[in-house]
Amino acid sequence: MAPHAELTLLPFRLTGKMIHLEGQLRTGGKSSIRLWYRIPAEFKDWVTDGADPFVLGFLFPAMQTGRPVLVRGTVSPSLLRNLEEFMAVWQAWRPDRYRQVEIIPDQEEEAAEKRGRRDAVMPFSGGVDSCFTAWRHRKALAGRRSTNLTAGVFIHGFDIPLRRSRSFDLSQRRNEELLGSIGMTLIPLATNFRDLPVSWADSHAAALVSSLTLFGKRFSRIVVASSEPYVSFVTGKIWGSNPLTDRMLSSDRLKVIYDGAEYSRIEKIQSMSDWPEALRFLRVCWEGKEKHENCCRCVKCIRNILIFRALGKGLPPCFPRDASDDDIRKLS
């Protein structure tokens with residue numbers, strides 16, 4: 001039998017106006033991996049007491065080691081049940097990278113559900129996909145699937161690197177105004193997840209859900225905006241966030257919903273084109289030098305500029321300059 005890995009939660013630290021939450025995964029000998037999150041102290045009463053967020057955060061490193069994981073803490077048994085299938089899928093998809101592992105916590109216990117609390121939270125980047133999901137749920141455009149989406153978590157350390165604090169702060173202010181215009185709260189969160197030795201393309205849904213599971217005392221739904229339409233997966237594309245395995249990151253207390261994949265990018269932009277704040281603050285670019293604004297020269301920027309043009313919307317204020325014919329010709 002392979003030696004065990006061990007997941008330990010470190011005591012949380014209150015530093016000024018921020019709470020620092022950290023976990024450690026020992027994979028054998030002296031080798032270990034650390035994962036941390038920082039959130040404003042004003043949200044401390046929303047933070048779960050259990051180990052679910054760190055089980056999710058360390059899931060892909062654990063699958064890479066192939067060792068059973070001892071968790072020094074309490075984990076939801078329903079999450080463990082769902083993760084067995086999640087790991088089985090990823091082992092089938094990438095047998096050269098991942099193995100299903102046994103997760104053995106000190107204690108298994110479902111978090112108590114607070115009566116009448118059915119609010120939902122979402123990862124919010126300020127891009128087309130997350131803006132569309134926020135807009136359609138707040139406007140009850142998702143039919144029977146509409147949720148009471150009240151907050152978005154804006155994560156520092158994903159598309160905006162931790163070292164780019166100015167870009168994150170400027171983007172945070174814009175996203176606060178953007179979500180505030182439809183009655184949602186923005187929660188800023190920082191994490192070192194992208195320092196973990198795992199494939200971001202495979203693990204980013206687990207990273208998103210791990211970050212939002214921290215707020216397990218406050219929400220009962222996590223709504224993940226689809227980054228790809230359903231049609232993309234017909235060809236057998238493997239992508240970390242997808243309609244099959246995202247839902248397997250749920251527990252009975254905190255359900256994960258994959259949202260909006262029946263719509264193309266053109267349809268998403270058309271749907272929210274009457275939202276003035278989105279036209280002002282939409283951020284689709286991650287390649288530009290300034291991470292808080294659209295460069296108007298990369299593939300993503302030009303593609304979205306052309307979609308607005310094709311829809312007869314002109315150039316929205318979120319793009320400082322238009323794409324020239326020469327810019328378009330340079331695209332491969």
Side-chain angles (χ1 to χ4, degrees), residues 37 48 52-53 55-57 59-60 76 78-79 82-83 85-86 89-90 118-138 141-143 145-159 175 178-179 182 184-187 189 191 193-194 198-216 218-233 237-265 267-268 271-272 283-284 286:
Y37 303 94
T48 179
D52 289 13
V55 169
L56 290 164
L59 189 60
F60 276 86
S76 303
S78 57
L79 176 64
N82 291 333
L83 291 184
E85 186 173 11
F86 180 93
V89 173
W90 278 97
R118 308 290 289 176
D119 290 356
V121 63
M122 68 174 294
F124 188 81
S125 66
V128 169
D129 298 320
S130 60
C131 282
F132 170 76
T133 285
W135 178 254
R136 84 176 192 131
H137 282 263
R138 292 300 296 173
L141 300 176
R145 292 172 293 167
S146 297
T147 65
N148 186 31
L149 190 56
T150 60
V153 178
F154 183 39
I155 301 173
H156 191 188
F158 285 2
D159 58 328
N175 284 345
L178 183 55
L179 288 187
I182 53 173
M184 291 177 63
T185 299
L186 186 78
I187 305 170
L189 178 149
T191 178
F193 184 94
R194 293 205 69 166
V198 293
S199 164
W200 176 249
D202 293 349
S203 65
H204 61 269
L208 290 169
V209 176
S210 169
S211 301
L212 274 65
T213 300
L214 284 170
F215 304 102
R218 176 65 180 83
F219 301 102
S220 63
R221 301 283 189 275
I222 295 173
V223 183
V224 177
S226 61
S227 52
E228 295 285 342
Y230 286 130
V231 68
S232 294
F233 301 104
K237 178 176 183 175
I238 298 176
W239 186 237
S241 181
N242 63 78
L244 175 62
T245 61
D246 280 21
R247 296 183 175 98
M248 298 174 191
L249 299 170
S250 302
S251 66
D252 288 351
R253 173 66 183 85
L254 196 52
K255 181 181 179 182
V256 178
I257 300 167
Y258 188 81
D259 182 76
E262 64 266 46
Y263 295 93
S264 68
R265 181 164 296 267
E267 291 170 324
K268 288 181 176 183
S271 174
M272 62 185 188
R283 183 177 63 89
V284 302
W286 59 270

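Please read all numbers here as calculations on a predicted model, not as lab measurements. Note that these values count all heavy atoms, side chains included, but never hydrogens, waters or copies made by symmetry.
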Once you round to the nearest 0.5 Å, how far does [atom1] of [X] lie from [atom2] of [Y]?
{"X": "R218", "Y": "T185", "atom1": "CZ", "atom2": "OG1", "value": "8.0 Å"}
{"X": "C131", "Y": "N175", "atom1": "SG", "atom2": "CG", "value": "7.5 Å"}
{"X": "T133", "Y": "R138", "atom1": "OG1", "atom2": "CZ", "value": "13.5 Å"}
{"X": "M272", "Y": "W135", "atom1": "CE", "atom2": "CH2", "value": "10.0 Å"}
{"X": "D52", "Y": "L249", "atom1": "CG", "atom2": "CG", "value": "11.5 Å"}
{"X": "R118", "Y": "F219", "atom1": "CZ", "atom2": "CZ", "value": "14.0 Å"}

Grab the two heavy atoms, one from [X] and one from [Y], that are nearest each other, plus how far apart they are.
{"X": "P123", "Y": "S130", "result": "O-CB, 3.9 Å"}
{"X": "T48", "Y": "P53", "result": "CG2-CG, 3.7 Å"}
{"X": "G57", "Y": "Y37", "result": "CA-OH, 4.2 Å"}
{"X": "F132", "Y": "G260", "result": "CE2-CA, 4.2 Å"}
{"X": "F193", "Y": "S203", "result": "CE2-OG, 3.5 Å"}
{"X": "T245", "Y": "G240", "result": "OG1-O, 4.2 Å"}

Would you say the side-chain atoms of [X] pair up with the backbone N or O of [Y], donor to acceptor, closer than 3.5 Å?
{"X": "S232", "Y": "E228", "result": "no"}
{"X": "S199", "Y": "D202", "result": "yes"}
{"X": "D119", "Y": "T150", "result": "no"}
{"X": "N242", "Y": "I238", "result": "no"}
{"X": "R265", "Y": "V128", "result": "no"}
{"X": "R247", "Y": "I257", "result": "no"}
{"X": "S125", "Y": "G127", "result": "yes"}
{"X": "S251", "Y": "L254", "result": "yes"}
{"X": "R194", "Y": "G157", "result": "no"}

Side-chain heavy atoms of [X] within contact of [Y], under 4.5 Å:
{"X": "R283", "Y": "D159", "answer": "yes"}
{"X": "F215", "Y": "V121", "answer": "no"}
{"X": "S226", "Y": "K268", "answer": "yes"}

Could you walk me through whether L208 and I155 pass the side chain to side chain contact (heavy atoms under 4.5 Å, CB included) test, one step at a time?
-> CA-CA 9 Å; L208 290 169; I155 301 173; 4.0 Å; yes
Using side chain to side chain contact (heavy atoms under 4.5 Å, CB included) as the criterion, point out the one residue from L186, L179, L189 that pairs with F154.
->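 Single pass found, and it is L186.
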Could you walk me through whether H137 and S146 pass the side chain to side chain donor-acceptor pair (under 3.5 Å) check?
-> CA-CA 5 Å; H137 282 263; S146 297; 5.1 Å; no
Could you go step by step and tell me if K255 and T147 meet the side chain to side chain donor-acceptor pair (under 3.5 Å) rule?
-> CA-CA 12 Å; K255 181 181 179 182; T147 65; over 6 Å; no
Ring centres under 6.0 angstrom apart (F60, W90) |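 Judged by ring-centre distance (under 6.0 Å), F60 and W90 do meet the cut-off.
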Derivation of the side chain to side chain contact (heavy atoms under 4.5 Å, CB included) call for R253 and S76 = CA-CA 9 Å; R253 173 66 183 85; S76 303; 5.7 Å; no
Under-4.0 Å salt bridge between R145 and D259 |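 Looking at R145 and D259, the cut-off is not met.
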For side chain to side chain contact (heavy atoms under 4.5 Å, CB included), just list the numbers for F124 and L178, CA-CA rounded to whole Å, side-chain angles, deciding distance to a tenth of an Å, and then say yes or no.
-> CA-CA 11 Å; F124 188 81; L178 183 55; 3.5 Å; yes
Take T191 and H156 through the test side chain to side chain contact (heavy atoms under 4.5 Å, CB included) and record every step on the way to the result.
-> CA-CA 6 Å; T191 178; H156 191 188; over 6 Å; no
Evaluate the side chain to side chain donor-acceptor pair (under 3.5 Å) criterion for residues D246 and S241: first the C-alpha distance (whole Å), next the side-chain angles of each, then the deciding distance (0.1 Å), finally the verdict.
-> CA-CA 6 Å; D246 280 21; S241 181; 2.7 Å; yes
Side chain to side chain donor-acceptor pair (under 3.5 Å) evaluation trace for S227 with D129 | CA-CA 6 Å; S227 52; D129 298 320; 5.5 Å; no
Please indicate whether E267 has more than 12 foreign heavy atoms, meaning atoms of other residues, nucleotides or ligands, lying under 6.0 Å from its CD.
->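 Buried by this count: over 12 neighbours within 6.0 Å.
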Assign the ring pair F233 / Y258 to parallel, tilted or perpendicular, where the plane angle (0 to 90°) is split at 30° and 60°.
->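 Perpendicular, since the angle between the ring planes exceeds 60°.
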